[in-house]
Amino acid sequence: MKNLKIKNLILYSCLLYTLVILSFSKPVFADTISTGGGNKIHFINLKSKSGSDAILLESNGHFGLIDMGEDYDFPDGSNPLYPDRWGISRANEDTIEDRLFRHLKQVGVKKLDFILGTHVHSDHIGTADEVLKRYPVDRFYLKKYSDERITTQWRLWDNLYNYDNAVRTALERGVTLIQDISDQDSHFKLGNMDIQLYNYKNEYGPDGKLKRVYDDNSNSIVAVVNVAGKKIYLGGDLDNDQGAEDRLGPVIGKVDMMKWNHHYDATISNTVNFIENLSPSIVVQTSGADINRQSTTNLLREKNIQTIKAYSKTKDATVFDISDSGFSNVSDSFPDIPTVSEKWYKEDGYWKYRLSDDQMAIGWKKINGVYYFFNGQGQMQADMWLHLKDSKEKIDGNWYYLNKDGSMQESGWLKHDGIWYYITWSGARTYNELAEIGGKKYLFDKDGKMLTGSQVFNGKKMFFASSGALETDGTGSGWKKIESNWYYFDKEGKQIVGKKEINGLTYYFDNKGVMQTGWAFIEGHWNYFANSGAMKTGWIKDKDTWYYLDKEGIMQTGLKEIEGTRYYLKASGAMQIGWAFIEGHWKYFATSGAMKTGWLKEQGLWYYLDKEGIMQTGLKEIEGTRYYLNTSGAMQTDWAFIEGHWYHFASSGAMMTGWLKENIHWYYLDKEGIMQTGLQEIDGKHYYFNVSGAMQTGWELFDGSYRYFTNSGAMKKGWLKENGLWYYLDTETGQMATGIHKVNDETYYFDANGAMQTGWKQLDGKWYYFQADGSLLRNGTTPDGYKVNAEGVWTTSKSDETTKETKVEHKQDKVTETTQAVTKETNTQTNSSVVNEKEQALEPVSETTEEKN
């Protein structure tokens with residue numbers, strides 16, 4: 001303890017000396033923090049040499065995050081989308097999630113105007129999903145990503161895991177997610193800060209997919225912040241692998257402060273040309289390690305560029321106040337990291353462990369001399385095998401056993417689920433090797449299982465006793481059953497692996513020589529082996545599902561014609577029944593699996609499948625009859641609106657043509673099945689159909705004229721008597737006559753409603769007399785004693801008003817018309833009775849309405 005105090009005193013003195021030197025060499029720094037709103041940049045401090053970025057921008061009460069740092073969470077490998085890989089961070093010393101949220105609380109952040117993920121590495125966006133859950137966020141900038149774009153598997157880590165978590169949480173929270181960042185999106189404000197993004201476009205290769213790169217670092221979005229006359233470069237892990245530094249350096253130009261690209265790397269990142277172009281006064285390094293090239297360190301020293309590490313054991317953040325006079329380090333104005341007692345605690349049914357800096361433990365943690373493992377939620381794992389790819393050299397990774405109390409199994413023999421394993425000094429089990437233990441040799445397979453019986457290791461035949469210990473005696477040829485498994489040995493006693501024909505039947509032995517039953521994936525194909533081990537061909541039924549294996553035993557997939565019948569076998573090999581969408585078309589397969597063609601009735605609906613089994617849609621002529629099959633393939637009945645026209649389909653589905661009566665209305669469908677509207681000529685007669693297609697009767701006004709349609713729907717022409725009035729309909733067009741109109745060399749007068757008029761009529765200032773049959777009287781004397789000339793105009797004048805009575809006897813019906821007072825001077829008829837009867841011999845007999853000859 002005494003030595004520790006001395007050591008701490010020396011470190012404190014060194015730190016104090018460094019701060020004094022910095023205060024003299026760089027006068028832009030001050031010891032006080034500016035009050036009020038102002039502008040600040042907060043770099044969340046690292047705990048170890050490894051790097052991580054979380055940078056808070058603050059301007060007049062507005063806040064934004066450039067990266068969010070490494071979080072506690074990591075994939076456990078249970079989801080194949082997110083495998084356990086070497087290099088995934090699962091240690092407390094790499095995590096800055098606790099520091100970020102503690103500092104945001106101290107600063108008083110209630111809302112974030114934006115967050116920006118420079119790229120998808122966990123040390124930059126790991127905590128993004130937690131930020132989105134805890135704070136309201138207006139916008140989230142993040143470029144698109146897929147694992148297939150990374151050219152080396154060693155650089156995949158948990159990229160996709162963190163990317164999917166971030167995107168999913170943003171969508172769940174209703175945050176505006178900007179992934180296709182436009183030029184307009186790339187320039188925005190945060191309070192007084194002007195922010196311009198670079199390298200923000202998603203790049204695509206010739207195949208239309210995201211451009212393939214060695215590592216996602218080169219995709220880093222760059223943010224350049226201008227505020228208070230100062231220019232700050234924040235570039236994530238940008239490197240020069242794709243020439244980004246060479247391209248962007250001259251464009252960005254000189255800056256005042258630069259966040260070091262990729263934490264400490266000066267090989268691929270932070271090239272000499274880039275430093276020369278930016279010429280920063282201050283470099284902030286988000287790592288506890290030193291810049292990794294001495295030549296770069298020398299360059300910074302030569303250019304008098306100050307290097308500051310955002311790394312601390314006691315402070316959550318390195319904070320600068322930004323003003324016209326420069327950058328003031330105000331980190332000391334924030335509280336120190338709290339110190340608590342380490343302890344176990346239980347949460348949500350899991351045991352967790354609290355560290356002295358108030359973090360929850362994750363990953364491996366040695367407590368009182370015993371190792372425990374905590375997952376990404378801080379939950380202690382127990383009573384299980386734990387698989388970790390914690391070594392780049394061991395591609396398969398290591399397996400560790402955690403006892404029921406969570407403690408890691410120490411070295412020695414372990415029997416689990418009836419299988420023996422051997423645990424090495426590191427806690428990892430032995431696998432894929434012939435190991436000497438206690439003076440005897442034992443063989444372990446790739447899963448760490450101790451093997452017995454006949455085995456081949458490195459091409460050498462061996463036999464192991466039931467205890468697992470190697471014996472010297474060999475094995476004979478033929479079939480052998482060892483611990484419930486069957487093996488086959490050739491004449492030399494060599495154990496058979498792979499496919500082998502024995503006595504006319506084909507068998508398959510895995511790489512351990514064990515005879516296989518059931519399904520086996522061999523040389524890129526699935527085969528099936530009966531309980532006897534014999535390979536099956538033809539149809540097989542497995543768990544109520546049918547499969548088909550060709551003569552080579554290979555499971556078939558896709559459309560196959562088998563014994564003259566077509567079947568569809570899914571990608572899993574399972575025989576399809578019912579509907580299936582295949583190569584852009586729907587097909588149907590009966591319960592027997594046979595592909596259907598022709599008419600098909602399913603769930604009360606009819607469908608039609610052509611000779612290729614393709615479900616048909618639209619208007620189709622089938623065996624001389626036209627049908628309409630809607631977009632779902634179902635046969636249409638009744639009315640259907642197709643490509644701007646109405647059609648009618650019988651209950652059989654057949655398209656109707658000609659006359660159709662539905663309810664009380666008649667409709668007419670032409671030879672193409674199209675319902676007719678308006679005036680139509682059918683079989684030499686004219687009919688009128690309204691906009692709904694219903695045939696009309698009686699009077700109809702269209703094209704500016706009235707026409708009359710009989711009860712049969714046919715358009716009437718010639719004379720028509722209705723409600724005691726006579727009308728005349730043009731013999732060509734059927735149009736109702738009005739005004740003066742000639743019919744068969746006789747002149748008639750029809751009023752504005754088309755009704756034929758009789759008696760005196762003044763037209764254009766002249767008087768005419770129309771006789772009882774409606775014809776104009778010419779060259780004669782009217783019944784009331786007035787003369788009319790050849791044009792029918794009244795020409796006689798009288799000087800006195802008289803009342804004249806004239807009786808005219810009709811030869812047939814003796815109709816009497818009385819004409820009363822006529823004024824000579826005005827030639828005006830004041831009262832005239834109207835003939836109300838017509839010769840019966842002239843009335844029509846064939847129509848319900850009366851006709852005039």
Side-chain angles (χ1 to χ4, degrees), residues 75 77-85 147-148 153 156 160 385 387 389 394-397 399 417 419 431-433 443-449 451 453-459 479-490 494-562 567-577 580 582-583 589 593:
S78 60
N79 187 334
L81 276 175
Y82 314 121
D84 171 39
R85 294 187 177 104
D147 268 352
E148 66 177 353
Q153 63 171 335
L156 292 174
L160 187 62
W385 282 107
H387 181 259
K389 289 191 176 178
K394 289 188 176 182
I395 296 175
D396 296 327
W399 287 90
D417 291 340
I419 297 171
Y431 69 96
N432 255 358
E433 68 173 292
L443 184 63
F444 300 89
D445 68 8
K446 66 180 181 64
D447 296 320
K449 173 185 173 182
L451 300 175
S454 181
Q455 305 291 335
V456 175
F457 183 72
N458 289 340
W479 288 101
K480 286 193 178 296
K481 189 175 185 181
I482 304 171
E483 293 185 352
S484 77
N485 291 324
W486 283 98
Y487 303 81
Y488 191 81
F489 298 87
D490 62 15
K494 184 178 178 181
Q495 185 175 283
I496 298 299
V497 295
K499 274 187 177 181
K500 177 71 174 177
E501 185 173 324
I502 304 170
N503 298 328
L505 298 175
T506 301
Y507 299 83
Y508 179 70
F509 303 88
D510 67 11
N511 57 3
K512 301 174 189 175
V514 177
M515 182 194 79
Q516 300 298 289
T517 61
W519 290 104
F521 194 68
I522 306 167
E523 297 178 355
H525 301 288
W526 285 100
N527 297 77
Y528 189 84
F529 299 87
N531 291 334
S532 66
M535 186 180 76
K536 298 286 289 181
T537 60
W539 287 105
I540 64 162
K541 191 175 186 180
D542 181 40
K543 297 179 182 178
D544 296 325
T545 301
W546 285 96
Y547 302 82
Y548 187 79
L549 311 164
D550 69 7
K551 62 182 180 180
E552 302 299 326
I554 295 172
M555 181 192 79
Q556 301 297 288
T557 61
L559 271 172
K560 297 291 178 183
E561 184 166 325
I562 302 169
Y567 300 83
Y568 183 71
L569 305 157
K570 294 185 271 190
S572 66
M575 182 188 77
Q576 175 74 41
I577 58 172
I582 303 168
E583 295 179 355
F589 299 86

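Starting from 1, each residue takes its place in the sequence as its number.
The backbone N or O of Gly448 lies less than 3.5 Å from a partner atom in the side chain of Asp445, making a donor-acceptor pair. In this structure, the side chain of Asp447 does not engage the main chain of Lys449 through any donor-acceptor pair within 3.5 Å. Under a 3.5 Å cut-off, the side chain of Asn485 and the backbone N or O of Val514 do not form any donor-acceptor pair.
Rounded to the nearest 0.5 angstrom, Lys389 NZ and Arg85 CZ are separated by 8.0 Å. The distance from the OG1 atom of Thr545 to the NZ atom of Lys543 is 9.5 Å, given to the nearest 0.5 Å. With rounding to the nearest 0.5 angstrom, the CH2 atom of Trp385 is 10.0 Å from the CG atom of Asp417. In this structure, CZ in Phe529 is found 5.5 Å from NZ in Lys499, a value given to the nearest 0.5 Å. Between the OH atom of Tyr488 and the CH2 atom of Trp479 there is a distance of 7.5 Å, given to the nearest 0.5 Å. Atom CE in Met515 sits 6.0 Å away from atom OG1 in Thr517 (nearest 0.5 Å).
Within 6.0 Å of atom CG in Asn79, more than 12 heavy atoms from other residues, nucleotides or ligands are found, so the atom counts as buried in its surroundings. Within a 6.0 Å sphere centred on NZ of Lys536, other residues, nucleotides and ligands contribute 12 heavy atoms or fewer.
Under the 4.5 Å side-chain criterion, counting only non-hydrogen atoms from C-beta, Asp510 is not in contact with Val497. No side-chain heavy atom of Thr537 sits under 4.5 Å from any side-chain heavy atom of Tyr548. Residues Ile577 and Trp546 are not in side-chain contact: their nearest non-hydrogen atoms beyond the backbone lie 4.5 Å or more apart. Looking at heavy atoms from C-beta onward, Met575 lies in side-chain contact with Trp539 at the 4.5 angstrom threshold.
Ring planes of His387 and Trp399: tilted class, angle from 30 to 60°.
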| query | Going through the checks in order, is the side chain to side chain contact (heavy atoms under 4.5 Å, CB included) test met by Asn432 and Phe444? | reply | CA-CA 5 Å; Asn432 255 358; Phe444 300 89; over 6 Å; no
Query raised in the report: Can you list the steps and then say if Tyr547 with Leu569 is a side chain to side chain contact (heavy atoms under 4.5 Å, CB included)?
Result: CA-CA 7 Å; Tyr547 302 82; Leu569 305 157; over 6 Å; no
* **Step-by-step side chain to side chain contact (heavy atoms under 4.5 Å, CB included) determination, Asp147 to Tyr82** => CA-CA 10 Å; Asp147 268 352; Tyr82 314 121; over 6 Å; no
For Lys500 and Phe509: C-alpha separation, side-chain torsions, deciding distance, then whether side chain to side chain contact (heavy atoms under 4.5 Å, CB included) applies. CA-CA 8 Å; Lys500 177 71 174 177; Phe509 303 88; 4.0 Å; yes
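Contact between Ile562 and Tyr567 at its shortest, heavy atoms only, is O-CE1, 3.8 Å. When all heavy atoms of Ser532 and Tyr507 are compared, the pair lying nearest together is O-CE2, 3.5 Å. Across Leu559 and Tyr568, no two heavy atoms sit closer than the pair N-CD1, 3.6 Å. Residues Gln556 and Asp550 come closest through the heavy atom pair NE2-OD2, 3.3 Å. The two residues Lys570 and Thr557 make their nearest non-hydrogen contact at O-CG2, 3.4 Å. Of all heavy-atom pairs spanning Gln455 and Tyr487, the tightest one is NE2-OH, 4.4 Å.
Taking the six-membered ring for Trp, Trp519 and Tyr508 have ring centres at least 6.0 Å apart.
With salt bridges taken as basic N to acidic carboxylate O contacts below 4.0 Å, none links Lys446 and Asp396.
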